[in-house]
Chemist: 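Pasting a structure below so you can have a look.
On a predicted model such as this, the values are computed, not experimentally measured, just so you know.
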Amino acid sequence: MIQQERMTVVCQREIAKNIFEMTLQGQIVQEMTPGQFVHIRVSNLLEPLLRRPISIASIQKEANEFTIIYRAQGRGTNVLSQKQIGDEVDVLGPLGNGFPVEAVDKGGTALLVGGGIGVPPLYELSKQLNARGVRTIHVLGFQTEEFAFYEEEFTQLGETYYVTDDGSKGFKGFVTDLLDELQLDFDVFYSCGPLPMLRALSSMYEDKKGYISLEERMGCGIGACFACICETNEGQEKNYVKICSDGPVFEKGVVKI
Amino acid sequence: MIQQERMTVVCQREIAKNIFEMTLQGQIVQEMTPGQFVHIRVSNLLEPLLRRPISIASIQKEANEFTIIYRAQGRGTNVLSQKQIGDEVDVLGPLGNGFPVEAVDKGGTALLVGGGIGVPPLYELSKQLNARGVRTIHVLGFQTEEFAFYEEEFTQLGETYYVTDDGSKGFKGFVTDLLDELQLDFDVFYSCGPLPMLRALSSMYEDKKGYISLEERMGCGIGACFACICETNEGQEKNYVKICSDGPVFEKGVVKI
Amino acid sequence: MNRLDIQLPGLDLKNPIMPASGCFGFGREYAKLYDLSQLGAIMIKATTLEPRLGNPTPRVAETPAGMLNAIGLQNPGLEKVMAEELPWLERFDVPIIANVAGSTTEDYVEVARRISTAPNVKALELNISCPNVKKGGITFGTDPVIARELVEQVKAVSKVPVYVKLSPNVTSIAEMAQAVEIAGADGITMINTLLGMRLDEKTGKPLISNVTGGLSGPAVKPVALRMVYEVYKAVDIPIIGMGGVSSVQDVIDFMSVGASAVAVGTMNFVDPFICPKLIDELPAKLDELGVKHMKEIIGRSHR
Amino acid sequence: MNRLDIQLPGLDLKNPIMPASGCFGFGREYAKLYDLSQLGAIMIKATTLEPRLGNPTPRVAETPAGMLNAIGLQNPGLEKVMAEELPWLERFDVPIIANVAGSTTEDYVEVARRISTAPNVKALELNISCPNVKKGGITFGTDPVIARELVEQVKAVSKVPVYVKLSPNVTSIAEMAQAVEIAGADGITMINTLLGMRLDEKTGKPLISNVTGGLSGPAVKPVALRMVYEVYKAVDIPIIGMGGVSSVQDVIDFMSVGASAVAVGTMNFVDPFICPKLIDELPAKLDELGVKHMKEIIGRSHR
Ligand SMILES: Cc1cc2nc3c(=O)[nH]c(=O)nc-3n(C[C@H](O)[C@H](O)[C@H](O)COP(=O)(O)OP(=O)(O)OC[C@H]3O[C@@H](n4cnc5c(N)ncnc54)[C@H](O)[C@@H]3O)c2cc1C
Ligand SMILES: Cc1cc2nc3c(=O)[nH]c(=O)nc-3n(C[C@H](O)[C@H](O)[C@H](O)COP(=O)(O)OP(=O)(O)OC[C@H]3O[C@@H](n4cnc5c(N)ncnc54)[C@H](O)[C@@H]3O)c2cc1C
Ligand SMILES: Cc1cc2nc3c(=O)[nH]c(=O)nc-3n(C[C@H](O)[C@H](O)[C@H](O)COP(=O)(O)O)c2cc1C
Ligand SMILES: Cc1cc2nc3c(=O)[nH]c(=O)nc-3n(C[C@H](O)[C@H](O)[C@H](O)COP(=O)(O)O)c2cc1C
Ligand code: FES
Ligand code: FES
């Protein structure tokens, strides 16, 4: 159930250039699944006004904690990055429908492809897939090395490839170039990142089962305001979906991207 | 000279109900005189937007520190009250013209009359008068005991009377009632507080020299926007004054109150 | 004693708080968060004759203490609203105010005629002020003669009282209010959004795909208050006020300048529980102001 | 190379940044803080024929991300401005834009005629949009016919180019802009303040003694941007844009939608050094955008 909670900051650190990892503690952690997101109010003041949607990067149910990884880029995320341990943050969540971990059978292989700030939700996904006995391969794209993060974390869970625009870390080019080269064998792919990447993947692996996570500017985050609409492809039940409540994760081919 | 400085909070504590004492450190302290004020931006965000005018309550030049005492009542002062030691605060100041300490000769007596949040500037004034060898009598009015502060501080500097609306501390009634009763002997009075009090004092001590400090809602705080105008009485050079730059302290009789 | 109830044409409100149209969908999402029967009323999303997909995204953008939207009246269309949304809402003990939109007078009239027959629709809110659609909407809302004619025709077919939602993007909102009053409107709701813009910082192109969007949220409250103040002086029909309400003080402010009830829009996104919170906080606020009943506040700025 | 200079009718600007009228007095106070010769220009406080005391206090009130003011055009009057303020400003190497106000056409014409002869006054800004005075001001600013006539008469007597300051409190600001263009205006400055209100929380009475006040500051920026965008499309004369500018990005935004220069009002109160700061930051911003000269930004939203 969606809840609003004042959660406590238990950890905040900069893990790459302008990229922050923040751990929050509270009850709503119990309801979270990978690929879902939370909607965060960064201040009680009236500016910045709107909540910010941020993916759940990892869940520590026993500790009642979860972690987000976000880029401090605009007004809201900058305010968030100034929070200190012990501060409270107003969190609405968990929101949306996450990645279906059950889409790969035990013993199967999942390909996880992330780009930039789309990488975080793949971490909890990978943890849960591994827990189910699914082999995970991670292909993670970043602008340059200084923006890359979580190498150790992903490497521990499975084969991990890095791709950067300038080759400063791992392969140079687009993730799709590397994928072309690697010719990986897998059962299902999961992806989150920039639209061109999602598009390329969807056509590259046309015959594979795949799930993509989308972004859009949001108002309510719960499906009431029609801010985050995406048209669907022909043959779908409805001619549009709401990214916040029907998504953010969709099966490949459902929405027009 | 008026300067803008990011000053550091070195102390913040609640000294009475919703009344905070905050000490700030920075260079502009060197220019401060009693009765002047500072204009504080409580946040870098756009809400609350305007600066808040707050009087200088005491000056510690050697330490490069000064203290303000303010009531957390609205949005801005509430944000201010949440600052922690080490935080920075954007201060514009010192502003306006303060109390003339030289208006009483050494050996003379000054009567300092304050009401509520008008009490703070009288503290530094009293310190400086005492340092000149002037005897000070303090008559301080508050709503009730729980809002009263600085008893020890004022008592150390001279005879101090408290007045509260309900008699919960000191005399019950208005400061002017007490003054009527006390029939004090003094050379000059200095006052800061609600307008009715300033009016009553000005007519009560018509034949005495006196200085009053006024408040008005401000924009710029430096004399440019014409927000804080007060009409003058007949016979003055100009037909209006700006409280921020011509005041906030005026000689009794100059402005229409 | 209920200290908060308000009676308006067609509407028996338990309290003066209701979500504003377009900020609450048809209630389904918020119903998962709290019991909608607590609300004074619900203003549902604009309904048009045919289903609409609205404008391309991005449709919203944040601005200082406010936001822009250009949803473009996306809605499932009259049929579906009548067949699914309104019957679903019947489970709650709350009057529905149906926001009616269209591109032509005929559209408006047809939607009004039919939607006003739904058992829980207790009033219509004629949306002549949507800035985000090419045809209809705002043109009806900026010309008093056209507005008057439309309202007359809608009044002729509606089974329930008709409130008209006014646009703030006019030189004289009092003149618009008088025009719709003369045309027989039972009440006024105001304000809709102020037309605004935000750019993509890199390209300098409009961020919202529709180029302009409607500004709402706390930023517009001073303008909304001023307009309610003006309209209260100009007409005798009741006003439902809105524009940036974010606190119980804001509710008091809108009622002080003359609103009989208050709608909350944008702030539902910031705090999804804001409506029930405001309702809870109102009695203590009345105590603080030394007032027995909410009604005593209405119009006090003018007294 | 100066990457920031802008040439406009009558105005050779070192850079596009200038303080807005009424937010900088006659420069004396800010001159104590920094060298005014750095500024692109200075828009001085509205000058009327006779000295004015303005409205009673309170004259300002804070609002979410904005403020209301109802100063009421307080100024020392034409004589004194000509005899004291303008000569004093001659010590700075900066063009002065004189904001001209009045209650009647004759007032405007007389002030314009005389103030335009001051050697450092390089342009007039005809203030037909002050919402805070009972007579004149806004009435000239909401009726295109009246505005046109006034501008024609002022143009006939002014020795320097005439910019007209438009009010946002109209249904169509493009129509107003076209009217003043036809009348011979050399440029447009926009926007003046949006009419708004705030209440005293306890009494419910208007907080500002003048009842309503003009809303300015970041809250209004989306509306101001949209209006500059519309006016840029409607006229061929240059625009000086303003309304909520608080950052160098805001300067870029206003110029993107079509302003040739930008004025900063309210934010001078929040950060008295904002104008020189913006000027300092502009070159780096141009680099970031990959632009050589400020001029290339003008109107890019439309391309
Ligand atoms: C479902 C979802 C999950 C996301 N997960 C993450 C994550 O894990 N880590 C991360 O760094 N970012 C994530 N994002 C993107 C993140 O929401 C934006 O970067 C952030 O909202 C920008 O806010 P700001 O204060 O930095 O920028 P501002 O420019 O101040 O934002 C202004 C407004 O635009 C919206 N906005 C701006 N950029 C975006 C964007 N790319 N997507 C959606 N809204 C935007 C903001 O929410 C805000 O309402 C996610 C977005 C969505 C929709
Ligand atoms: C010269 C001067 C010295 C002052 N010294 C002190 C002091 O030492 N201690 C103290 O507690 N208070 C002092 N005040 C009053 C103090 O400025 C206000 O209480 C404060 O600005 C209120 O801000 P807020 O955020 O609490 O309220 P809000 O209601 O959020 O304020 C909204 C706006 O109104 C203005 N405002 C509200 N009340 C007042 C007021 N009484 N006077 C001026 N502006 C007001 C605010 O500055 C702000 O712009 C002084 C005022 C002046 C003019
Ligand atoms: C996302 C969004 C969608 C809206 N949709 C509608 C609508 O369909 N019909 C309508 O009359 N008003 C619509 N509005 C306007 C609101 O009902 C309200 O008039 C306005 O937002 C001012 O109130 P607020 O500041 O509390 O949001 C919408 C506003 C927003 C923010
Ligand atoms: C205190 C104050 C006084 C003003 N006085 C004038 C004036 O005398 N003449 C005028 O044309 N505009 C006046 N304005 C309007 C500003 O010049 C400007 O158009 C408006 O404030 C929008 O810009 P901003 O949001 O940057 O403040 C005044 C604004 C403020 C806040
Ligand atoms: S953000 Fe409101 S519907 Fe998705
Ligand atoms: S506050 Fe601006 S002149 Fe005094």
Chemist: Any side-chain heavy atom of D/V60 sitting closer than 4.5 Å to one from B/M218?
Modeler: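 Not touching, per the 4.5 Å side-chain cut-off.
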
Chemist: I'd like to know whether CZ of D/F273 has more than 12 heavy-atom contacts from other residues, nucleotides or ligands below 6.0 angstrom.
Modeler: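 Yes.
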
Chemist: Apply the side chain to side chain donor-acceptor pair (under 3.5 Å) test between D/E62 and each candidate in B/R75, B/R51, B/R217, B/R52; give the one that qualifies.
Modeler: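 Going through the options one by one, the only one that passes is B/R52.
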
Chemist: Considering only heavy atoms and a distance below 4.5 Å, find which of D/P51, D/A65, D/G22 pairs most often with chain B.
Modeler: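 Of the candidates given, the most pairs with chain B belong to D/A65.
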
Chemist: Between B/N239, B/I229, B/I2, B/D90, which residue shows the highest count of heavy-atom pairs closer than 4.5 Å to chain D?
Modeler: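 Most heavy-atom pairs under 4.5 Å with chain D: B/I229.
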
Chemist: Taking all non-hydrogen atoms of both residues into account, name the closest pair between D/P272 and B/L92 and its distance.
Modeler: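 Heavy atoms only, the tightest pair is CG-CD1, 3.6 Å.
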
Chemist: Taking all atoms of both residues into account, what is the closest heavy-atom pair of B/L46 and D/M267, and its distance?
Modeler: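 Shortest heavy-atom separation between B/L46 and D/M267 comes out as CD2-CE, 4.3 Å.
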
Chemist: So, for B/A227 and D/T57, which heavy atoms are closest and what is the spacing to 0.1 Å?
Modeler: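 Reported closest heavy-atom pair: O-CG2, 3.6 Å.
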
Chemist: Between B/Q3, B/Q4, B/E231, which residue shows the highest count of heavy-atom pairs closer than 4.5 Å to chain D?
Modeler: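 So the answer, after comparing B/Q3, B/Q4, B/E231, is B/Q4.
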
Chemist: Checking heavy atoms, do the side chain of B/K238, its backbone, both or neither come under 4.5 Å from chain D?
Modeler: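 Answer is neither: B/K238 stays 4.5 Å or more from chain D.
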
Chemist: With chain B as the partner, which of D/T266, D/N268, D/D271 has the greatest number of non-hydrogen pairs under 4.5 Å?
Modeler: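 Option with the greatest count: D/D271.
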
Chemist: For D/L207, is it the side chain, the backbone, both or neither that has a heavy atom under 4.5 Å from a heavy atom of chain B?
Modeler: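 Contact with chain B involves the side chain of D/L207 alone.
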
Chemist: For atom CD of B/E234, decide whether the heavy atoms of other residues, nucleotides or ligands shown that lie under 6.0 angstrom number more than 12.
Modeler: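 No, not enclosed.
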
Chemist: How far apart are the closest heavy atoms of D/V270 and B/L49, and which atoms are they?
Modeler: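 Between these two residues, the closest heavy atoms are CG2-O, 3.4 Å.
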
Chemist: For residues B/F226 and D/R59, report the shortest heavy-atom separation together with the two atoms involved.
Modeler: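 The pair with the smallest heavy-atom distance is O-NH1, 2.7 Å.
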
